[in-house]
Asks: 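Pasting a structure below so you can have a look.
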Amino acid sequence: MSHAFKVATYNIRKAVGLDQRRNPARILSVLNEIDADIVALQEVDRRFGARVSAIPLAMLEADSPYVPVPLNFRPAAIGWHGNAILLRKGIEVRHAQPIDMPTLEPRGAVMAELSVNGHSLRVIGVHLDLSGLWRRKQIRALLAAIDASPRHMPTVMMGDFNQWSDKGALSELAFHHHRLVQTPKSFHTSRPVACLDRIIVSHEVTVTAADCHISALSKQASDHLPIWASMQIG
């Protein structure tokens with residue numbers, strides 16, 4: 001029997017909104033509006049000092065249905081190189097790790113192998129480089145990490161790919177049995193002109209709906225709009 005679920009990806013810009021105020025409660029309110037089961041976040045860590053999470057863990061636990069995939073690299077952080085994966089409570093994490101990528105800027109990716117209602121699912125959260133040459137190298141590293149895994153399973157990659165067109169570095173996916181989910185432009189929030197935020201799925205995943213999440217809160221909470229997709233596996 002197949003299982004339906006919803007994913008979302010959101011570059012939260014360290015919880016600093018268009019009003020230039022850091023407001024993690026507003027980010028959590030947007031996530032609660034979307035009501036996804038699995039969320040990939042980018043720019044989730046503060047830039048300076050101990051680089052703690054822009055969303056305090058206690059606030060995440062108290063004001064949302066989510067828990068972060070455990071990566072345990074720094075105290076008070078919920079991700080790695082600004083990338084975090086949040087799961088609705090009850091989804092099982094079988095394995096989680098960062099993905100080392102060639103970088104020009106401080107970028108990264110995280111991967112989690114999950115059990116979603118008894119179905120295996122791999123989720124990768126990413127934030128790629130501004131340089132097209134480095135993005136191509138990074139996408140190859142993501143695909144190599146999938147190939148290196150001892151377990152084959154349906155896969156969802158999502159995050160801020162910093163890629164304006166469906167071609168260029170994203171053409172690497174065509175040879176690896178993955179496809180782009182068609183979603184609207186999500187950047188800049190005030191006037192969306194680019195599809196920087198992407199959801200990519202393997203061929204075992206059926207996508208039933210996808211869109212940007214636009215609300216009074218999401219139009220102020222970050223310079224990116226969140227995007228989401230409903231899908232089925234099994």
Asks: Check the pair V110 / L71 against side-chain contact (heavy atoms from CB on, under 4.5 Å), numbers first and verdict last.
Replies: CA-CA 9 Å; V110 290; L71 294 165; 3.5 Å; yes
Asks: Between D147 and R140, is there a side-chain N and carboxylate O pair less than 4.0 Å apart?
Replies: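 No salt bridge links D147 with R140.
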Asks: Mind checking who shares a hydrophobic cluster with M101, ILVMFWY linked at side-chain heavy-atom distances under 4.5 Å?
Replies: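 Joined to M101, directly or through intermediates: I99, M111, I124, V126, L128, I139, L142, L143, I146, M157, F161, L170, L173, L180, I200.
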Asks: Got a donor-acceptor contact below 3.5 angstrom from the S218 side chain to the A216 backbone?
Replies: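 No, the answer is negative, given that no donor and acceptor are paired below the 3.5 Å cut-off.
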Asks: Between CG of L18 and CD of Q20, what distance do you get to the nearest 0.5 Å?
Replies: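 These two atoms lie 7.5 Å from each other.
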Asks: Do the charged groups of E43 and R13 touch, with an N to O distance under 4.0 Å?
Replies: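 No, this pair does not count.
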Asks: Please determine which of H213, K6, R88 meets the side chain to side chain donor-acceptor pair (under 3.5 Å) test together with D35.
Replies: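 The side chain to side chain donor-acceptor pair (under 3.5 Å) with D35 is passed solely by R88 among H213, K6, R88.
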Asks: Under 3.5 Å, sequence neighbours excluded: what are the donor-acceptor pairs made by side chains of residues 54-62?
Replies:
none

Asks: Nearest heavy-atom pair of R136 and E172: which atoms, and what distance?
Replies: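 Minimum heavy-atom contact is NH1-OE2, 2.6 Å.
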Asks: Does R191 have any salt bridge (charged side-chain N to carboxylate O under 4.0 Å, His left out) partners at least two apart in sequence or in another chain, and if so, which?
Replies: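 Per chain and number, R191 pairs via salt bridge (charged side-chain N to carboxylate O under 4.0 Å, His left out) with no residue.
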Asks: State which residues pass side-chain hydrogen bond (donor to acceptor under 3.5 Å, both in side chains) with S222; sequence neighbours excluded, sorted by chain then number.
Replies: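 Listed in chain order: nothing, the list is empty.
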Asks: Any carboxylate oxygen within less than 4.0 angstrom of a Lys/Arg side-chain nitrogen, looking at E113 and R94?
Replies: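 R94 and E113: not salt-bridged.
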Asks: Less than 4.0 Å between a side-chain N and a carboxylate O, is that true for R179 and D166?
Replies: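 So D166 does not pair with R179 through a salt bridge.
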Asks: Parallel, tilted or perpendicular for H224 and F187, by the 30°/60° rule?
Replies: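 Ring orientation of H224 relative to F187: tilted.
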Asks: Under the side chain to side chain contact (heavy atoms under 4.5 Å, CB included) test, which residues partner P192, sequence neighbours left out?
Replies: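 Expected list: K185, L225.
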Asks: My understanding is that only residues two or more places apart in sequence, or in another chain, count here; which of them pass side chain to side chain contact (heavy atoms under 4.5 Å, CB included) with A209?
Replies: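 Side chain to side chain contact (heavy atoms under 4.5 Å, CB included) check on A209 returns W228, S230.
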Asks: Does Y66 use its side chain to pair, donor to acceptor, with the backbone of A36 at less than 3.5 Å?
Replies: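 Flag set: sc Y66 to bb A36 pair under 3.5 Å.
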